[in-house]
Amino acid sequence: MVQSRRRGGNYPCPRRAALPAAGLLLFLLAAVALLYVSPPPLADHPVLASSRRRRPPHTLLNSSGSGAMEETERREISHAPTNGSTVRDDLWGSKLASKFYGCSNSSSKFLDSNITTQPDRYLMIVTSGGLNQQRTGIIDAVVAARILNATLVVPKLDQASFWKDSSNFSDIFDANWFISSLSKDVKIVKELPHIGGKLRAPHRMRVPRKCTERCYLNRVLPALLKKHVIRLTKFDYRLANRLQTDLQKLRCRVNYHALRFTAPIQEMGEKLIQRMRERSEYFIALHLRFEPDMLAFSGCYYGGGEKERRELGAIRKRWKGLHPNPEKGRRQGRCPLTPEEVGLMLRALGYRKDVHIYVASGEIYGGARTLAPLKALFPNLHTKETISSKEELAPFSKYSSRMAALDFIVCDESDAFVANNNGNMAKILAGRRRYFGHKRTIRPNAKRLYPLFLNRGNMSWDAFSLKVHMVQKGFMGEPKELRPGRGEFHENPSTCICERTDGKAVARAKSQDDQVLNSGADQGKGIGEPVVPNRTDEEVGEPDDDEDDPAEREIVDAEMDDDVLVGPEDPELEQILSD
């Protein structure tokens, strides 16, 4: 970067003899050269111009010492290119989406539950965490019941955790549909019946995380045969990520077909979608996690100065042994993007200023002040509170899970979905949108976006936009972005996504699938599904590192497994981060 010439200020400057003509000519030529190599003015860029004042790379535009946004910064944001980037992809969908479809029907080898279910085996589970973490628990509970050939009692939701929601299963999900739609897969009852004329007390136990089929048969089945009723507590992530194909497809049938919200929730969610459609033909849904607790545990710095350090530092004291390293977290892509950074990414990808955005979020640290830079980039921001009345939301507003369900419905039906985090809601929606047609789903490649935000003042807007396009390639919800078996199954349900092809190819694939189903150790591996080696319980479910494919390795690096962030000794924190 060119250093500015020091001026004399108020110091007296002695008279100097006139420069020789040749020296003067050389001086003029050097000055002209400097003008050509200096970076061009960036008045059209929302944040790049402000960074020329040497603002720290992750300082929020609205986070000045006094807490007020400077008017000059507000004007700079407003000068972002109205039409978005000059480099454009298909912003609202994938050209390849029509070639793929969700396929979760069971194979001919998957017997009816009337044949497999044993009459004296009952499985009860208690979920944990927020709505979407509980959803994963419900899905896996159905599969666990199938593995154990047991009758599943409708799961009990977590009512005592951080979220403080007293809702029962039937308050959020359509219990009758849940039972009937899965009747051929698993027998499900609403309440534990009397066994031998009396109501038996369940035997409580907890299985390890990512427990495999063999793990359930070795650990749970003996107790189930003896006690007849088992109650599995804190049922979250208690089933391996990789299972045989028919069990993976059962997961998809539960997740994408059997779990329906109740009529009041669904109807209110559809009203919110309709109101967004009335405002714009297309809209983006943004799942924004920016709560104080989450930011505190991330250990990252978000530009709020001493006030932020003091407030988040006080929250961090709740967790002993937490030693944050803000710069390391940023470099590793572990820090949630700020609202400003999300806005910059979207504008760089080509979304226009007039696009309408539905923001799904809880409490945002800093409130409207934190959202101000995003609103300057995209003035048309909406939430469920701004497009509906208090009276309409009254039946849901006292229950965090029901409010989260409304956001889930709108995000699911949006034309483009983006999240600043990699929590359960972001993962489940990413998988769901893949299953139902590969709708545009943007996962920020935080690890590689970090250096771009850091150096945004040293490049033109077009150069910044081009680089954002490059680092986001593979993170836009396109088909086959992730290798089959890579990542969490709820985010990448590759077993349940089929590619449209000619009849001959389909028949050949089906024949191959049937052969795999009939082969002993590799039973149930479908098209494109990797063979799972026979491993210990601790090893199964962890993704393999592909040392030969740096692109794949990069995708995994950008994803955080919940277990990496949260240990079993942090149950409250796990609930906070779960959704």
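- For a disulfide, the SG atoms of both cysteines must be under 2.5 angstrom apart; this fails for Cys103 and Cys496.
- For the pair Asn420 (side chain) and Arg289 (backbone), a donor-acceptor distance under 3.5 Å is present.
- Note on residues 115-139: no pairs pass salt bridge (charged side-chain N to carboxylate O under 4.0 Å, His left out), not counting sequence neighbours.
- In this structure, Gln134 contributes its side chain and Asp158 its backbone to a donor-acceptor pair below 3.5 Å.
- No side-chain N or O of Ser170 forms a donor-acceptor pair with one of Asn168 less than 3.5 Å apart.
- Legend: salt bridge (charged side-chain N to carboxylate O under 4.0 Å, His left out) pairs involving residues 405-420, not counting sequence neighbours, sorted by first then second residue: Arg277-Asp415, Lys384-Asp407, Asp412-Arg432, Asp412-Lys439.
- Among residues at least two apart or in separate chains, salt bridge (charged side-chain N to carboxylate O under 4.0 Å, His left out) pairs with a member in residues 136-146 are Asp140-Arg251.
- Proximity of the aromatic rings of Tyr365 and Tyr302 is defined here by a centroid distance below 6.0 angstrom, and this criterion is not met.
- Ring-plane geometry between His287 and Phe417 is classed as parallel, the angle between the planes falling under 30 degrees on a 0 to 90 degree scale with a further cut at 60.
- Two residues are said to be in side-chain contact when any heavy atoms from C-beta on lie closer than 4.5 Å; Arg402 and Lys398 fail this criterion.
- Expressed to the nearest 0.5 Å, how far OG of Ser106 lies from NZ of Lys184 amounts to 9.0 Å.
- Between Phe261 and Phe173, the ring planes are parallel. Angles under 30° get that label, and only those over 60° would be called perpendicular.
- Side-chain N or O atoms of Lys210 include none that pairs as donor or acceptor with a backbone N or O of Asn241 at under 3.5 Å.
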